[in-house]
Amino acid sequence: MKISKFKDAVVIITGAASGMGQEMAVQAAQRGGFVIATDVNEKGLKETQAMAQKVGCSITIQRLDVANKVEIKDFAEKTLPNFKNRLLILINNAGIGFTAGKFQDNHLDDFENLININLWGIRCLNLRFLPK
């Protein structure tokens, strides 16, 4: 039997309330990872947790807005001390896109939100969880 790299690892997945993030969270838990599923969508996170329970796994859920540097800082400060000396796998899955047709139809606030989630959120999370 092949040993999973997820076994006993702490697996943090952003954007885990739906889609690929939700599926990755359940699969990581099935492979023995201690999964912390994060998202701004708390209802979706509860659905992810229920999906894991249906297949006999456990997932910890945590609301986290990856566009918010203060929330990222607080999340890292509360999370890291609990998992010293354990393999940490960070999956930056959270992201958004535009659905409006023309460039000029997308508001500046929407662009700022997109950049905060898809770029700065990843950078901030990676910096917080890099080994020191």
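For the side-chain contact (heavy atoms from CB on, under 4.5 Å) test, residues two or more places apart in sequence or in another chain that qualify with E42 are R63. Legend: residues meeting side-chain hydrogen bond (donor to acceptor under 3.5 Å, both in side chains) with E112, ordered by chain and number and at least two apart, are absent. Listed by chain and number, the residues in a side-chain contact (heavy atoms from CB on, under 4.5 Å) with A67 are D65, N113, N116, I117 (sequence neighbours excluded). Judged as a side-chain hydrogen bond (donor to acceptor under 3.5 Å, both in side chains), and not counting sequence neighbours, T14 has no contacts. Every residue meeting the ring-ring contact (aromatic ring centres under 6.0 Å, His included) condition with F111, not counting sequence neighbours, appears here in chain and number order: F98, F103. Taking D8 as the reference, nothing meets the side-chain contact (heavy atoms from CB on, under 4.5 Å) condition, with sequence neighbours excluded. By the ring-ring contact (aromatic ring centres under 6.0 Å, His included) test, F34 is found to be paired with F83, residues two or more places apart in sequence or in another chain being considered. Residues passing the side-chain contact (heavy atoms from CB on, under 4.5 Å) test with K54, sequence neighbours excluded: none.
Screening residues 76-97 for side chain to side chain donor-acceptor pair (under 3.5 Å) gives K73-E77, N92-N126 as the qualifying pairs, with residues at least two apart or on separate chains. Pairs of residues two or more places apart, or lying in two chains, never qualify as ring-ring contact (aromatic ring centres under 6.0 Å, His included) while including a residue from residues 10-32.
At least one donor-acceptor pair closer than 3.5 Å links the side chain of T48 to the backbone N or O of A16.
Residue I13 belongs to a hydrophobic cluster whose other members are F6, V11, M20, M24, V26, V35, L45, M51, V55, I59, I61, L87, I89, I91, with links defined by side-chain heavy atoms closer than 4.5 Å.
Smallest separation of non-hydrogen atoms from A76 and R128: CB-CB, 3.7 Å.
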